[in-house]
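Comments concern the structure below.
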Amino acid sequence: MGTIEGRKPRVVLVPFPYQGHITPMLQLGAILNSRGFSITVAHTEFHSPNPSEHPEFIFLPLPDNLSGCETSYINSLNGISAMNTNSLARFHDFMVEMLEMQEQHGQVACIVYDTLMHFVDEVATRLELPTVALRPNSAAYLRSQHVISQLQADNLIPLPESQLQDAIPTHHLLRFKDLPFPVNAEIPNILLDFFTSYANIRSSSAIIWNTVDMLDHESLTKLQQHYKVPIFPIGPFHKMAPIFNTSLITEDTNSISWLDKQAPNSVIYISIGSIAIMDKKELIEMAWGLANCNQPFLWVVRPSSVSGSEWIECLPEGFEEMTRERGCIVKWAPQKKVLAHPAVGGFWSHSGWNSTLESMCEGVPMICRPYFSDQVVNTRYLTHVWKVALQLENNPERRGIEKAIRTLMGDKEGKEMRQRALKMKQELELSIRRGGSSWNSLENLVEFIMSFTQQNDKGHYDP
Ligand code: UDP
């Protein structure tokens, strides 16, 4: 492969710097690298990926000047704007240098970017380079954002409470209450602009999706009609890519040695991902729920994920003594290995998209406690479409938690969910094998990216 003598074509990746977005972008890099492309990752200094995990990639830090900006994800709108403003000039200069050096480093085929990093489009348009948008979450979620934009355009927000339980006519697997942002109150303009910007693929020639046709078929079909560019669902990326570590936080490997001592299917694994935050009351209810249900548990409590606490100092008195023999709490776990471990029988999750895919790929049924955004949409699909999970209400209390754990880990309903989860795992495995939907889509994607190099095959750059 390679249109400039002896050189592989190069794909430049620009991730949005939060765990749930960086991971799929790096996995995509590994997938494309294994299919003959050289990879450059242009990334912000904030949440910079670890280059030593990817010796075959070139890393280019972009100055983001985020000091003074709120960088917690929930308040990150300012930060997104700053990243887009501050990274543009350096990225432009870097791309110009790269185009001048194509003879030595390989022809730049295209830039793949997270649509939150929209400065990329400006640079690519100036330099006449093709771009491809990466969607790190489900197609159903993007469609749900379209629903919100349409409701707003039709002046229907705020929607009356009485309609929240109704199925959405244009997205019938969801109810209005499953939309990623509550529509029974005014939505601030800044958020509406954010939805519009995120959904906008600008001049991208295609969309790559970390999803699977069998999970998201209807939404992919609808979005194909909307965007009118080729769509490549090639997920789950973590099963298509070679295994490597993408964690921004150090993984505590004791969790695996602890799991090694537990009985098969006995452990409930708990994690709310990299950005969700809970209050102290919820942590305390979780602790009592876990203490009372007698099930072994591996619990990730991310530092600063409990508001007003550094870590687990507000756990209730008596909890440690009650659970010492059957509980393990860590700050961050090697989640994919945890979910693949035979001791893990259930996953209590915030239902982020990566966690959802990782759990389904291992056939692990779930308890969903969504906090915001796509977690709400994913939960509806997990519980009512794929039927491999049950849902905890918001602000769950200890009795509800105990009941959910007992149901998932023990009773008939839980066993049926496990059966469906195992069937889903098998179907997902088929989709990534030769001839499966994601496999075929990847073949098409490789051909598609190669077609850029043939169109632009000048062998050198004319600024
Ligand atoms: N993760 C991990 N260790 C943990 C908790 C989470 O490696 O202790 C990883 C998890 O495997 C997933 C990512 O963090 O790939 C979280 O992404 P997701 O989309 O599920 O949620 P987000 O963090 O974006 O809300």
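Read the numbers this way: they start at 1 and go in the same order the structure lists the ligands and their atoms. Each residue takes its place number in the sequence, starting with 1.
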Without placing hydrogens or testing angles, list every side-chain donor-acceptor pair under 3.5 Å for residues 237-247, not counting sequence neighbours.
| from | atom 1 | to | atom 2 | distance (Å) |
| --- | --- | --- | --- | --- |
| Lys239 | NZ | Glu362 | OE2 | 2.9 |
| Asn245 | OD1 | Ser247 | N | 2.8 |
| Thr246 | OG1 | Thr23 | OG1 | 3.0 |
| Ser247 | OG | Glu251 | OE2 | 3.0 |
| Ser247 | OG | Trp332 | NE1 | 2.9 |

So which heavy atom in the protein is nearest [atom], and how far is it from that ligand atom?
atom	value
atom 13 (C) of ligand 1	Gln19 CG, 4.1 Å
atom 19 (O) of ligand 1	Asn354 ND2, 2.8 Å
atom 8 (O) of ligand 1	Ala333 N, 2.8 Å
atom 24 (O) of ligand 1	Gly20 CA, 3.5 Å
atom 15 (O) of ligand 1	Glu358 OE2, 2.7 Å
atom 25 (O) of ligand 1	His350 NE2, 3.0 Å
atom 23 (O) of ligand 1	Ser274 OG, 2.4 Å

Under 4.0 angstrom from ligand 1, any heavy atom of Trp299?
no

So, 4.0 Å and heavy atoms of Ala276: is ligand 1 close enough to count as a contact?
no

If you count the atoms of ligand 1 from 1 in the order shown, which ones are under 4.0 Å from a heavy atom of [X]?
X	value
Gly352	18 (P), 19 (O), 20 (O), 21 (O)
Ser247	7 (O)
Gly273	23 (O)
Ser271	5 (C)
Tyr269	4 (C), 8 (O)
Trp353	19 (O)

Do side-chain atoms of [X] reach the backbone of [Y] as a donor and acceptor pair under 3.5 angstrom?
X	Y	result
Ser257	Asn254	yes
Asn378	Ser351	yes
Ser48	Thr44	no
Gln295	Ser266	yes

State whether the shortest distance between N or O atoms of Gln335 and N or O atoms of ligand 1 falls below 3.5 angstrom.
yes

Nearest 0.5 angstrom please: Ser438 OG to Ile31 CD1, how far?
9.0 Å

NE2 (His226) and OG (Ser219) are apart, to the nearest 0.5 Å, by 13.0 Å

Pick out which of His118, His21, His43 makes a ring pair (Phe, Tyr, Trp, His ring centres under 6.0 Å) with Phe16.
His21

Test applied, ring pair (Phe, Tyr, Trp, His ring centres under 6.0 Å); reference residue, Tyr269; option that passes from Trp348, Phe347, Phe297:
Phe347

Checking contacts here: is it the side chain or the backbone of Ser355 that comes within 4.0 Å of ligand 1, counting heavy atoms only? Could be both or neither.
both

Test of understanding: given a 4.0 Å heavy-atom threshold, classify the contact between Trp332 and ligand 1 as side chain, backbone, both, or neither.
both

Any residue meeting side chain to side chain donor-acceptor pair (under 3.5 Å) with Arg302, in chain and number order, not counting sequence neighbours:
none

Taking atom types as modelled, is there a side-chain donor on Tyr141 or Ser373 under 3.5 Å from an acceptor on the other?
yes

